[in-house]
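Okay, structure first, notes after.
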Amino acid sequence: MNLVAAGSAGDVLEDDPVGRLKVFVYELPSKYNKKILQKDPRCLNHMFAAEIYMHRFLLSSPVRTLNPEEADWFYTPVYTTCDLTPNGLPLPFKSPRMMRSAIQLISSNWPYWNRTEGADHFFIVPHDFGACFHYQEEKAIERGILPLLQRATLVQTFGQRNHVCLKEGSITVPPYAPPQKMQSHLIPPSIPRSIFVYFRGLFYDVGNDPEGGYYARGARAAVWENFKDNPLFDISTEHPTTYYEDMQRAVFCLCPLGWAPWSPRLVEAVIFGCIPVIIADDIVLPFADAIPWEDIGVYVDEKDVPNLDTILTSIPTDVILRKQRLLANPSMKQAMLFPHPAQPGDAFHQILNGLARKLPHDKSVYLRKGEKVLNWTAGPVADLKPW
């Protein structure tokens, strides 16, 4: 039965969005995109880079229209995550002002925003907590989604059910992982998977969570405390140069939450055929309407981490083989990637498919002349300062 379900999901992955929607790309001054990237080219390789590659893709995509009157969707190319610390972590503090400034610009220079107050506009917001624009969950929740984006469709890596930072109708996407780099580390599929469980990454974040228990809601600490001496678990904070090769030698790859529920490990696991073990309660996974996550991964509740060894060793071999077969399907892998140049069925096309499935727009999204729904002065005072 599962295979039938997976088959139909796989078919959706191969949908071609071309001819099903037209997108108008606003021409913004380069200070909103290209200039920011020139200042810090590291933004091209970090896990938030989807905002840059989606812009490049749309500029030359056959779904692009130069006539806004015939557009189904409007896209505003603004690189809100390209403000990096020396260590390469994105600082979201200017993002709300930058986004607000871009929306002020499009709403005063073109008539289209004001017709719907953004209901036929989409934005790429690949921050930890999407358009809440903060990397600490408590602060993100306190901020909420930027008020001006309340009616827009948000394309974001953050996905968690019943969370203020994921609103109805958002499209959850994979984080960016460099396709060429992963490609260059592929090993022959005949090499046996001799590692049972694999993980590399932090278990504690002492700098930001000195007491412990707050980072990853304690789930990563529980992995370490329970399994650091278990021979079935190859887990460590060391990031070896053979990281990608090791994933291809492993049966299960742990994908626990960190500060946010998502991480590039999910993409890496799928690309390298390692069954993702998803430890992040209520996570909404990328393109969940097209990818049969239940069939290719294993979900483990955060509270059940101490029983991880029992849970994984009791999965029957035939179930493992079936998951591995589904993971080997090239269309699963393709949907996780933002390759340049783009390829049929890749993450760019899955985003367009998601937007196409939302058409036609409901008549109710069009406002009467002069009608206003959004509150332009809502939100923290600091967000209102000019960018």
Side-chain angles (χ1 to χ4, degrees), residues 28 31-58 75-99 102 122-137 139-140 143 145-146 149 152-160 163 165-166 170-182 201-202 205 208 255 257-268 270-271 280 283-287 335-340 342 346-348 350-351 387:
L28 298 188
K31 69 171 188 172
Y32 291 98
N33 40 61
K34 290 192 193 71
K35 282 235 167 72
I36 296 177
L37 179 57
Q38 278 162 3
K39 210 173 74 191
D40 197 340
R42 292 179 300 167
C43 297
L44 282 172
N45 296 310
H46 72 24
M47 61 178 119
F48 306 91
E51 60 185 2
I52 298 168
Y53 291 112
M54 191 69 193
H55 181 201
R56 291 181 175 182
F57 163 72
L58 283 169
Y75 163 67
T76 309
V78 50
Y79 300 168
T80 56
T81 57
C82 186
D83 181 13
L84 305 186
T85 63
N87 294 345
L89 299 170
L91 292 168
F93 307 118
K94 293 181 192 151
S95 309
R97 285 163 43 212
M98 185 179 175
M99 186 64 90
F122 69 92
F123 292 83
I124 316 289
V125 281
H127 263 292
D128 285 343
F129 290 95
C132 289
F133 293 128
H134 208 286
Y135 51 83
Q136 284 175 318
E137 186 169 19
K139 297 259 173 43
R143 289 186 54 87
I145 288 171
L146 194 71
L149 294 175
T153 287
L154 301 178
V155 175
Q156 58 186 68
T157 35
F158 172 74
Q160 188 174 314
H163 196 288
C165 301
L166 178 70
S170 298
I171 296 175
T172 313
V173 300
Y176 178 78
Q180 275 87 348
K181 188 174 164 198
M182 291 193 292
L202 291 178
D205 186 344
N208 296 302
C255 301
L257 72 163
W259 284 112
W262 60 271
S263 84
R265 284 182 194 84
L266 188 68
V267 176
E268 293 160 349
V270 172
I271 297 303
I283 190 170
V284 175
L285 290 166
F287 308 132
M336 290 284 104
L337 294 175
F338 294 93
H340 18 109
D346 63 16
F348 300 117
Q350 303 307 332
I351 293 171
W387 176 65

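Hydrogens, waters and symmetry mates are skipped; everything else that's a heavy atom, side chains included, is used. Heads up: numbering here begins at 1 and tracks the sequence. Note that this is a predicted model, so its numbers are computed, not measured.
In this structure, His134 and Arg143 approach most closely via the heavy-atom pair CB-CD, 4.2 Å. Nearest heavy-atom pair across Ile124 and Ala50 is CG2-C, 4.3 Å. Nearest heavy atom pair, residue Glu51 against residue Tyr75, reads O-OH, 3.6 Å. When all heavy atoms are compared, the tightest approach of Ala335 to Pro174 is O-CG, 4.0 Å. Shown here for Pro261 and Ile283, the closest heavy-atom pair between the two residues is O-CD1, 3.5 Å. The nearest pair of heavy atoms linking Pro339 to Pro179 is CA-CG, 3.8 Å.
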**Message:** Working note: Val284 + Phe158, criterion side-chain contact (heavy atoms from CB on, under 4.5 Å); need CA distance, chi angles, decisive distance, verdict.
**Reply:** CA-CA 8 Å; Val284 175; Phe158 172 74; over 6 Å; no
**Request:** Would you sort out whether Val173 and Ile351 count as a side-chain contact (heavy atoms from CB on, under 4.5 Å), showing the intermediate values?
**Result:** CA-CA 8 Å; Val173 300; Ile351 293 171; 3.7 Å; yes
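Asp346 pairs by the salt bridge (Lys or Arg N to Asp or Glu O under 4.0 Å) definition with nothing, not counting sequence neighbours. Partners of Asn45 by side-chain hydrogen bond (donor to acceptor under 3.5 Å, both in side chains), not counting sequence neighbours: none found. Listed by chain and number, the residues in a side-chain hydrogen bond (donor to acceptor under 3.5 Å, both in side chains) with Glu137 are His163 (sequence neighbours excluded). When the salt bridge (Lys or Arg N to Asp or Glu O under 4.0 Å) test is applied to Arg97, no partner is found at least two apart in sequence or on another chain. The side-chain hydrogen bond (donor to acceptor under 3.5 Å, both in side chains) search around Tyr135 returns none, not counting sequence neighbours.
Rounding to the nearest 0.5 Å gives a distance of 12.0 Å between CD1 of Ile52 and NZ of Lys34. Summarising the geometry, atom CE belonging to Met98 is positioned 12.5 Å from atom CG belonging to Leu146; distances are rounded to the nearest 0.5 Å. Rounding to the nearest 0.5 Å gives a distance of 9.5 Å between CG of Leu154 and SG of Cys132.
Between the side chains of Thr80 and His127, no donor N or O sits under 3.5 Å from an acceptor N or O. With 3.5 Å as the limit, one finds no donor-acceptor pair spanning the side chains of Trp262 and Asp128.
Side-chain atoms of Thr172 and Leu285, non-hydrogen and from C-beta on, never get closer than 4.5 Å to each other. Side-chain contact between Leu84 and Leu89 is absent, with no heavy atoms from C-beta onward closer than 4.5 Å. Looking at Val155 and Ser170, their side chains never come closer than 4.5 Å, going by heavy atoms from C-beta outward. The closest side-chain heavy-atom distance from Thr81 to Ser95 is not below 4.5 Å. Looking only at side-chain heavy atoms (C-beta outward), Phe123 and Gln156 stay at 4.5 Å or farther from each other. With contacts defined as side-chain heavy-atom distances shorter than 4.5 Å, the pair Met182/Glu268 qualifies. Two residues are said to be in side-chain contact when any heavy atoms from C-beta on lie closer than 4.5 Å; Phe133 and Val125 meet this criterion. Proximity of Phe129 to Leu166: side-chain heavy atoms (C-beta onward) are nowhere separated by under 4.5 Å.
For Asn33 (side chain) and Val78 (main-chain N/O), no donor-acceptor pair under 3.5 Å exists by modelled atom type. Remark: side-chain polar atoms of Arg265 are not paired, donor with acceptor, to backbone N or O of Cys255 under 3.5 angstrom.
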Output a table of donor-acceptor pairs, distance under 3.5 Å, between side-chain atoms of residues 35-44 and any protein atom two or more places apart or on a different chain; print 'none' if there are none.
{"unit_1": "Lys35", "atom_1": "NZ", "unit_2": "Ser30", "atom_2": "OG", "d": "3.3"}
{"unit_1": "Asp40", "atom_1": "OD1", "unit_2": "Arg42", "atom_2": "N", "d": "3.2"}
{"unit_1": "Asp40", "atom_1": "OD1", "unit_2": "Arg42", "atom_2": "NE", "d": "3.0"}
{"unit_1": "Asp40", "atom_1": "OD2", "unit_2": "Arg42", "atom_2": "NE", "d": "3.4"}
{"unit_1": "Asp40", "atom_1": "OD2", "unit_2": "Arg42", "atom_2": "NH2", "d": "2.8"}
{"unit_1": "Arg42", "atom_1": "NH1", "unit_2": "Thr85", "atom_2": "O", "d": "3.2"}
{"unit_1": "Arg42", "atom_1": "NH1", "unit_2": "Pro86", "atom_2": "O", "d": "3.0"}
{"unit_1": "Arg42", "atom_1": "NH2", "unit_2": "Thr85", "atom_2": "O", "d": "3.0"}

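Applying the ring pair (Phe, Tyr, Trp, His ring centres under 6.0 Å) test between Tyr53 and each of Phe338, Tyr79, Tyr176 identifies Tyr176 as the sole match.
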